[in-house]
2 protein chains.
Amino acid sequence: MSKKPTISDVAHEAGVSKGLVSFVVNGRPGVSAATRERVLAAAAELGWRPNPNARSLTTRSAYALGLVVLRDPEIIGSDPFFPAFISGVESVLSDRGRVMLLSVVPDEERELDTYRKLAAESRVDGVFVTDLRHRDPRIALLAELALPAVTLGHADVPSDFPVIDRDYGKGIAAVVSRLRELGHTRIAHVAGDERMLHGTHRRDQFTEAVRASGGTPIVVSGDFSPDSGAQATHALLGMAEKPTAIVFANDPMAMAGMAVAQELGLRLPDDLSITGMDGSEMSRYLFPPLATVGNDPAEWGRAAALSLLALIETGASDDVTLPDAEFIPRGSIAPPPQAAQPSSERPTAQPSSR
Amino acid sequence: MSKKPTISDVAHEAGVSKGLVSFVVNGRPGVSAATRERVLAAAAELGWRPNPNARSLTTRSAYALGLVVLRDPEIIGSDPFFPAFISGVESVLSDRGRVMLLSVVPDEERELDTYRKLAAESRVDGVFVTDLRHRDPRIALLAELALPAVTLGHADVPSDFPVIDRDYGKGIAAVVSRLRELGHTRIAHVAGDERMLHGTHRRDQFTEAVRASGGTPIVVSGDFSPDSGAQATHALLGMAEKPTAIVFANDPMAMAGMAVAQELGLRLPDDLSITGMDGSEMSRYLFPPLATVGNDPAEWGRAAALSLLALIETGASDDVTLPDAEFIPRGSIAPPPQAAQPSSERPTAQPSSR
DNA sequence: CCTCACGACTAAACCGGTACAGAAGCCGGA
DNA sequence: TCCGGCTTCTGTACCGGTTTAGTCGTGAGG
């Protein structure tokens with residue numbers, strides 16, 4: 001292969017100056033149609049693409065977006081959110097001549113340093129802020145760095161960044177409501193990492209829904225990892241007054257919880273109802289199929305990418321509210337076992353066979 | 001925030017020329033220790049970091065590595081390999097001043113275009129080639145583009161790229177051997193996507209291991225997705241001569257297979273033994289815990305990153321062979337039903353003899 | 001004492017684009 | 001015919017680094 005062609009090669013080939021070629025590829029006015037064609041033809045023939053590095057130098061734009069993920073390398077594999085989120089982002093970026101830069105960091109210190117580095121080196125034009133934490137230090141840092149950003153969810157600190165969000169509360173309320181309808185009175189929640197906003201939000205939405213229906217919520221903590229889901233389930237099922245239904249804050253914890261219950265000899269869903277959250281692909285292939293609350297990470301990705309691009313290109317971008325999360329009922333929920341209900345409850349017809 | 005400092009600012013601050021600052025930050029000889037200190041101090045004080053874009057212009061290096069993933073957006077969430085692989089890559093890159101550029105593409109055409117674009121725009125210094133396919137067109141394309149690369153596994157076409165690989169056959173052989181020991185005679189394999197080399201390799205390694213032990217392999221096809229695992233399991237369990245053990249080509253398919261079996265009323269592992277592959281985090285949290293063959297994607301990532309960096313920096317890099325994949329016995333395997341086992345057997349898996 | 005090699009440093013060209021001032025060509029109106 | 005005023009296009013100065021040729025002392029060798 002010969003050397004990569006440059007804008008000068010194209011200019012020479014088309015018999016015009018560098019500047020004009022630049023005008024053409026950037027769609028600037030003041031170029032005759034005939035010349036435009038000639039330049040475009042020359043560029044196509046030479047297979048020339050403008051070098052973004054050179055371009056960045058004068059335009060002060062990196063033509064790249066960044067995603068920094070703070071996640072324990074050990075458990076990142078069980079998280080179904082990011083790959084799908086990224087593919088959603090990518091579906092928007094691919095047509096826009098921008099690329100995505102990804103960083104996975106193990107601790108908060110390196111996370112912040114990574115943002116500083118991306119900004120100082122002008123590596124990206126903007127970043128996605130996922131997994132918002134309480135009093136998230138990234139908000140202030142990004143503002144200080146003057147790095148455009150969009151946040152997934154509303155931060156609990158002052159932020160001027162556009163927000164992509166989805167009401168998850170209704171979905172959780174629907175879960176609780178359905179469990180109550182089925183006759184459950186002792187409904188537990190295994191919370192996600194409570195340093196993260198969506199960990200506490202989901203917990204609060206759960207407790208609120210249970211209280212609203214006149215029940216008393218039971219909550220144990222987890223951290224979104226399968227391991228924590230298993231431990232929490234052990235704890236719950238070891239209680240004197242076992243819950244008859246467990247609402248997990250994500251699918252991986254629910255999956256691990258299902259396994260623990262089964263290992264203890266419980267039949268699902270007859271002896272215990274279980275639900276997850278996030279609507280992972282795997283959830284429908286479990287036994288019993290895991291009832292969950294949809295989330296569609298790819299949709300988050302698309303919306304976040306569009307919003308961030310708008311912010312970068314126009315300097316402003318509106319908040320986006322995705323459609324409400326929907327409860328996806330599946331076979332992992334059923335009426336509570338009769339024995340567990342000493343007091344008056346509608347005698348629900350229990351399915352005799354499975 | 002004030003404007004970002006440039007090399008000229010640092011030079012002025014330290015009272016030297018731009019060129020000297022460049023010498024200092026690149027560790028070139030011919031700079032007195034005193035001056036070096038002064039320059040470094042000025043750089044630190046101003047918080048200056050060399051702009052990689054400007055740098056790229058003359059050094060022809062992008063200071064970035066690329067990963068292009070061809071994956072159906074719908075199922076990428078259930079794939080535990082990439083997030084962990086990426087975190088392995090990142091653990092190497094973070095200290096090296098290079099970043100990682102990620103692209104997720106839905107079809108082969110766009111995949112190849114993405115490589116072309118990355119090369120034409122000098123976005124990356126090299127790429128990781130994962131999920132090798134038969135007669136993979138990327139090998140020739142990358143050679144043509146003169147883009148350095150490392151492949152995960154050996155390509156079946158001539159390739160000059162360094163290879164990162166791990167013997168997976170021994171692990172698979174250990175699985176089969178253990179199942180035979182337990183008394184299984186009808187052992188089936190649910191293959192992964194056979195367009196991918198590791199799909200057919202695993203299948204071949206399975207059939208070979210079964211034949212070597214005097215058995216007759218049963219193979220049905222899948223594509224690594226949970227859905228295909230479920231379908232294949234249905235097909236197998238609908239056969240007149242059902243298999244008593246199923247070896248799945250990855251964990252997600254195995255998980256879906258477990259669910260199908262349980263839904264059909266089979267008790268695991270007593271009625272059916274199941275194994276997965278890739279040693280995903282989730283596998284240990286299932287019921288019964290899924291026996292699998294370890295893989296450690298993060299280790300692939302680290303090795304691939306080191307190899308690719310060496311290739312880029314020195315122009316050559318050796319192949320790397322990772323430690324053999326190891327069978328991880330767990331509760332999902334047991335003797336076949338009604339097995340006339342002359343010797344002592346227990347329903348749970350025993351440590352394999354390796 | 002002069003020359004020369006060498007270490008430390010500077011100046012300017014260059015990488016591949018963009019931006020902007022201004023030149024050239026063309027047109028219509030006075 | 002001359003003069004604006006467009007439109008179209010050129011030339012050149014950047015952007016922030018790297019690289020190379022060359023300058024300037026300084027000390028050793030002849």
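In what follows, every chain begins at residue 1, and chains take the letters A, B, ... in the order their sequences are listed. Keep in mind that this is a model prediction, so the values were computed, not measured. These numbers come from the heavy atoms of this one structure, side chains and all, not from hydrogens, waters or symmetry mates.
- Counting any heavy atom pair closer than 4.0 Å across all strands shown, A:Asn53 reaches no nucleic acid atom.
- The distance from atom NZ of B:Lys4 to atom P of D:dC15 is 15 Å, rounded to the nearest whole Å.
- For A:Asp160, the CG atom sits in a loose shell: 12 or fewer heavy atoms of surrounding residues, nucleotides or ligands are nearer than 6.0 Å.
- Between the P atom of D:dT18 and the CG atom of A:Leu57 lies a distance of 12 Å, rounded to the nearest Å.
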For a side chain to side chain contact (heavy atoms under 4.5 Å, CB included) check, start with the C-alpha distance between A:Lys117 and B:Arg49, then their side-chain angles and the critical distance, and finish with the verdict. CA-CA 8 Å; A:Lys117 193 178 77 177; B:Arg49 305 188 64 120; 3.6 Å; yes
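- The side chain of A:Thr6 sits closest to C:dG17 out of C:dG17, D:dG17, C:dT18.
- Phosphate proximity of C:dG16 to A:Trp48: absent, as no side-chain N or O sits under 4.0 Å from OP1 or OP2.
- For the residue pair A:Thr321 / A:Asp165, no side-chain donor-acceptor distance below 3.5 Å is found, with atom types taken as modelled.
- The nucleotide whose nearest atom lies closest to any side-chain atom of A:Arg55 is, among D:dG17, D:dC15, C:dT18, C:dT18.
- Atom CG in B:Asn51 sits roughly 14 Å away from atom C1' in C:dG16 (whole-Å rounding).
- B:Phe82 and B:Phe85 have perpendicular rings, their planes meeting at more than 60° on a 0 to 90° scale where under 30° would count as parallel.
- The separation between A:Asp9 atom CG and C:dG17 atom P is 9 Å, rounded to whole Å.
- Taking atom CD of B:Glu121 as the reference point, atom P of C:dC15 lies 20 Å away to the nearest angstrom.
- Judged purely by distance below 3.5 Å, without hydrogens or angles, the side chains of A:Asn26 and A:Arg55 pair a donor atom with an acceptor atom.
- Among residues two or more places apart in sequence or in another chain, the salt bridge (Lys or Arg N to Asp or Glu O under 4.0 Å) test is passed with A:Glu111 by A:Arg133, A:Arg138.
- Contact between the side-chain N/O atoms of B:Ser22 and the OP1/OP2 oxygens of D:dT18 is found at a separation under 4.0 Å.
- As a whole-Å value, the separation of B:Arg123 CZ from C:dG16 P is 17 Å.
- Residue B:Arg28 places at least one side-chain N or O under 4.0 Å from the OP1 or OP2 atom of D:dT19.
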The contact string for nucleotides 6-12 of chain D, one letter per nucleotide 5' to 3', using protein heavy atoms under 4.0 Å with B, S and - for base, sugar-phosphate only and none, comes out as --SSB--
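- Checked against the 6.0 Å centroid criterion, the rings of B:His198 and B:Phe224 qualify as a close aromatic pair.
- The distance between atom OH of B:Tyr63 and atom C1' of D:dG17, rounded to the nearest whole Å, is 10 Å.
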